[in-house]
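What follows is a short report on a single structure.
As the structure lists them, so they are numbered: ligands from 1, and atoms in each ligand from 1.
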Amino acid sequence: MSNVKDMGLAKEGHMKMEWAKNHMPVLASIREEFKKTKPFKGIKLGMALHLEAKTAILAETLMEGGAEIIITGCNPLSTQDDVAAACVERGMEVYAWRGETNEEYYENLNKVLDAKPDVVIDDGADLIFLLHTKRTELLDSIMGGCEETTTGVIRLKAMAQEGALKFPVINVNDADTKHLFDNRYGTGQSALDGVLRTTNLLMAGKTVVVAGYGWCGRGVAMRADGHGANVIVTEVDPIRALEARMDGYQVMPMCEACKLGDVFITTTGCKDILRTEHFLLMKDGAVLSNAGHFDNEINKNNLNELASEVNVVRNNIEEYKVNNKRIYLLGEGRLVNLACADGHPCEVMDMSFANQALGAKNIVENSKNMENKVYEIPYEQDAKIALLKLKSMGSEIDELTPEQKKYLNDWKEGT
Ligand code: ADE
């Protein structure tokens, strides 16, 4: 029933999964809980996530909790074919391969929905969007969903605002144990990893332009700085721009930054961040990469229109010749950390996916009493995950004494 590139790759996929599993202690403790309580007994989970080793461990954790798993990717270039094959061998129904065409990508999302899932787990909201547009016949049978990323949450909140959202969705992205770590330290490390692995170039002494200073941009700027790069931040939000300036970076509009950058990393969640007017002013040899969810931050149509020639010059690097200058695009402008590397580190996805696992359990247990809106993760879940993570790292924290608790709650006590 599954459709993957090559089942012969499964052995390598199993090794990657075991490595990831051994570095995801929070998810391991949730798995032990799920094995005993089987919260997903009789439940079909439809998943559209970046199908690499950590995601596979999330899916396996949910399976151990009794779920039937039907899974596809959430980006045509982020599936790891060896992991997809290993997932089939571990009993999941899988429809995904690296390098899907746009048409194949949607066919695979539809395959997941053909299985009539009870709960959906999404990254970017393409699966949920499809349910609300072309597969509305399934809406009544969906208990709810979970969404992984900033871009997806923005789409879902807009749907909820218009009354268009037809089931409850848990906002995993905004849990503190997700975005403060995954978006910041995860993207910070993995986006740089993607650029460095793909180009084998030196960061020290380069000018790196980071577009956007949300949690992802902060992480990327911090890590590029740590590599000895001269970091320029571009922003549209004055408060974020001010923060970037006081964090020690140069801040300027892209029409200036584009003349100075050696490496560009977009992290905005918005389209056309790099476009014709910028390409024309770039230096010879500029390297362009995107760490946002969709491949529209770097306008590839504009690049193609300008280019007299386009050549693949190294794995995952296309060279665009623009007015005798060379502009290099990494991973087709898709998420550089997943298209050109292995995604976020295991220890970070450990917390993100612990939130997904507990979020899905919450939907199964409570969907009947939930409204068709976007729900935030409760503090208790965040705190539980943070404590488990701290424990796995060998750190303990203090507790308030009864006197301190009383002091904090008693507004009459004063100093
Ligand atoms: N691995 C799995 N999902 C991911 C995500 N959303 N970002 C980075 N790495 C991932």
Between ligand 1 and Asp123, can you find any atom pair, the residue atom being a heavy atom, that is separated by under 4.0 Å? yes

Parallel, tilted or perpendicular, judged at 30° and 60°: which one describes the rings of His132 and Phe167? tilted

Return the CD1 to CG distance between Ile128 and Leu165, rounded to the nearest 0.5 Å. 7.5 Å

Can a non-hydrogen atom of Thr55 be found less than 4.0 Å from any atom of ligand 1? yes

Judging by distance only, is a nitrogen or oxygen of Glu52 under 3.5 angstrom from one on ligand 1? yes

Please write down residue, atom name and distance for the protein heavy atom closest to atom 3 (N) of ligand 1. Met349 CE, 3.5 Å

Gly343 neighbourhood, listing ligand 1 atoms whose heavy-atom distance to it stays under 4.0 Å: 9 (N)

Passes side chain to side chain contact (heavy atoms under 4.5 Å, CB included), Gln189 versus Val348? Steps please. CA-CA 10 Å; Gln189 181 167 319; Val348 160; over 6 Å; no

Apply side chain to side chain contact (heavy atoms under 4.5 Å, CB included) to residues Ser78 and Leu335 and explain how you reach the verdict. CA-CA 8 Å; Ser78 63; Leu335 283 153; 5.7 Å; no

Under 4.0 Å between heavy atoms, the region of Leu338 that gets near ligand 1 turns out to be side chain

Among non-hydrogen protein atoms, atom 5 (C) of ligand 1 lies closest to His50 CD2, 3.6 Å

Is it true that Arg240 and Glu243 have a side-chain N and a carboxylate O under 4.0 angstrom from each other? no

Any N or O of His344 that comes nearer than 3.5 Å to an N or O of ligand 1? yes

Looking at every non-hydrogen atom in both residues, tell me the closest pair between Gly124 and Thr149 and how far apart they are. N-CG2, 3.5 Å

